[in-house]
Number of protein chains: 2
Amino acid sequence: MVTGQRGRPRSFDRDAALDKAMLAFWEHGYEATSISDLTASLGIGAPSLYAAFGDKRRLFDEVVAVYGGRYTDFARAALSEEPTAGAGLRRVLREAAGIYTDPAHPPGCLVISAAVNTTSQDVAQALRERREVSLEMFERRIRADVAAGVLPAATDAQALARFALAVLVGMSQQSRDGASREELEAVAELAMGAWPR
Amino acid sequence: MVTGQRGRPRSFDRDAALDKAMLAFWEHGYEATSISDLTASLGIGAPSLYAAFGDKRRLFDEVVAVYGGRYTDFARAALSEEPTAGAGLRRVLREAAGIYTDPAHPPGCLVISAAVNTTSQDVAQALRERREVSLEMFERRIRADVAAGVLPAATDAQALARFALAVLVGMSQQSRDGASREELEAVAELAMGAWPR
DNA sequence: CAGATTCCGTAGCGCCCGCTATAGAATCTC
DNA sequence: GAGATTCTATAGCGGGCGCTACGGAATCTG
């Protein structure tokens, strides 16, 4: 018994379907993306979708996990690879300008925009917690620089982290309103002008 | 004939109802606020709502107009009353921190958040245009300072305006994620650190 | 091949959406 | 008062929502 797959095999690529679902949720948000939108763009029937992914909520959770690994972990890398918090956040903002406006996928950030104004509070809370994680990651990196004497001792690490996240959120929305990569890069550069010297 | 009202008089205060509708749309957004949500919180039946306001879309348009007069025109005043664009935008950001976190109404800005992820593209476009108006207002004020020699000739007025709006958007979302007035004021103050000297 | 297993397509469930037809209640003019 | 007018309350329309029962199709094991 070699645990060969029994029964009729799935007729679609689960990972490819997950990617398509990600693009749909990214563009229209959690609630405004209906099951029939999904079945249409994934090219499968509703029962296949439910068999493969559970329900809409669990599909979205999987989408968020894939999205996180592909489009938000770059920030963690930038913060750990650059020599200072300032250099790291400059890189985060610059790379975000590129990602938010990449024509290969919908504009902006799914974690920021996909659960605004949703009636399902648990989904909104899940993405809120992801943003909170980013905030704390920024804050920790800044605090490390303060401890190391790279930033002034009087630096308000939490406020600075919050400022960086606010700029990211603003950039995400502006990309969804049609701003170009160059325009967002200019915003990022200006934002770094606020960095403590 | 003194144009006295004929027929049965309306049993509710139209302006008060509009205010309640504003709070509902502000908190939950355009699409996530259902007609039955509205009839429940306004305390009237659906036919009365339709007779008084037309349909959901027109009610929302009225709400946006009222909201604009009450919560966004302060920015116009700040920009015209303060002596420089920098002082004006500092005041805009500080006042926004107060408005976005005022416990008398839902957090954040209705124009920024009420039509994210909606299937009704025309509503999204209407609010997008309102944001664009703010952007251009900021840009004009900055340009005036550049022309007057208050700001360096090399100042990128559009980018600076876009940066200010991005910070406002970020502040709005953070207030909806639970940030306090003091936290947003700190963000505003940091943002002004990026202002050209 | 038979039988077990798993997936797919149709068709439809109950529910809520925005909206309204209809009839009665409340106020006007005359 | 009578009649016209306007609003309110009930009740329900067509349609889309998330989700699933069911039977047939496709692949396994033996």
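Throughout, a chain's letter reflects where its sequence line sits, starting with A, and its residues are numbered from 1.
Look at B/Ser11 and you'll find a side-chain N or O under 4.0 angstrom from OP1 or OP2 of D/dT8. Proximity of B/Ser48 to the phosphate of D/dC7: no side-chain N or O atom is located under 4.0 Å from OP1 or OP2. Contact annotation: A/Ser36 side-chain N/O to D/dG16 OP1/OP2 distance is not under 4.0 Å.
In this structure, A/Phe53 places its CZ atom 12 Å from P of C/dC7, rounding to the nearest Å. Atoms CG (B/Leu38) and C1' (C/dC16) sit 15 Å apart, rounded to a whole Å. Atoms CZ (A/Arg58) and P (D/dG18) sit 15 Å apart, rounded to a whole Å. Atom CD of B/Glu31 is separated from atom P of C/dC16 by 18 Å (rounded to the nearest Å). As a whole-Å value, the separation of A/Arg14 CZ from C/dC7 P is 11 Å. The distance from atom CD1 of B/Ile44 to atom P of D/dT6 is 19 Å, rounded to the nearest whole Å. In this structure, the NE2 atom of B/His28 is 12 Å from the P atom of C/dC17, given to the nearest Å. Straight-line distance from the OH atom of A/Tyr30 to the P atom of D/dC17: 14 Å, rounded to whole Å.
Not one N or O on the side chain of A/Arg128 forms a donor-acceptor pair closer than 3.5 Å with the backbone of A/Val123. Remark: the backbone N or O of B/Ile35 is paired with a side-chain donor or acceptor of B/Thr39 at under 3.5 angstrom.
The six-membered or imidazole ring of A/Phe163 lies away from that of A/Trp195, with a centre-to-centre distance of 6.0 Å or more.
The salt bridge (charged side-chain N to carboxylate O under 4.0 Å, His left out) with A/Arg162 is formed by just one residue from the set B/Glu189, B/Glu185, B/Glu182, B/Glu183; it is B/Glu183.
Heavy atoms of other residues, nucleotides or ligands lying less than 6.0 angstrom from CZ of B/Arg76 number 12 at most.
Nucleic acid contact for A/Thr33: sugar-phosphate only, since backbone atoms but no base atoms lie under 4.0 Å from a heavy atom of the residue.
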Counting primed atoms, P, OP1 and OP2 as sugar-phosphate and everything else as base, the B/S/- map of nucleotides 19-27 of chain D against protein heavy atoms under 4.0 Å is BBB--BBBB
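A donor-acceptor pair shorter than 3.5 Å can be found between the side chains of B/Thr119 and B/Glu31.
Rounded to the nearest 0.5 Å, atoms CD (A/Glu136) and CG (A/Leu165) are 11.0 Å apart.
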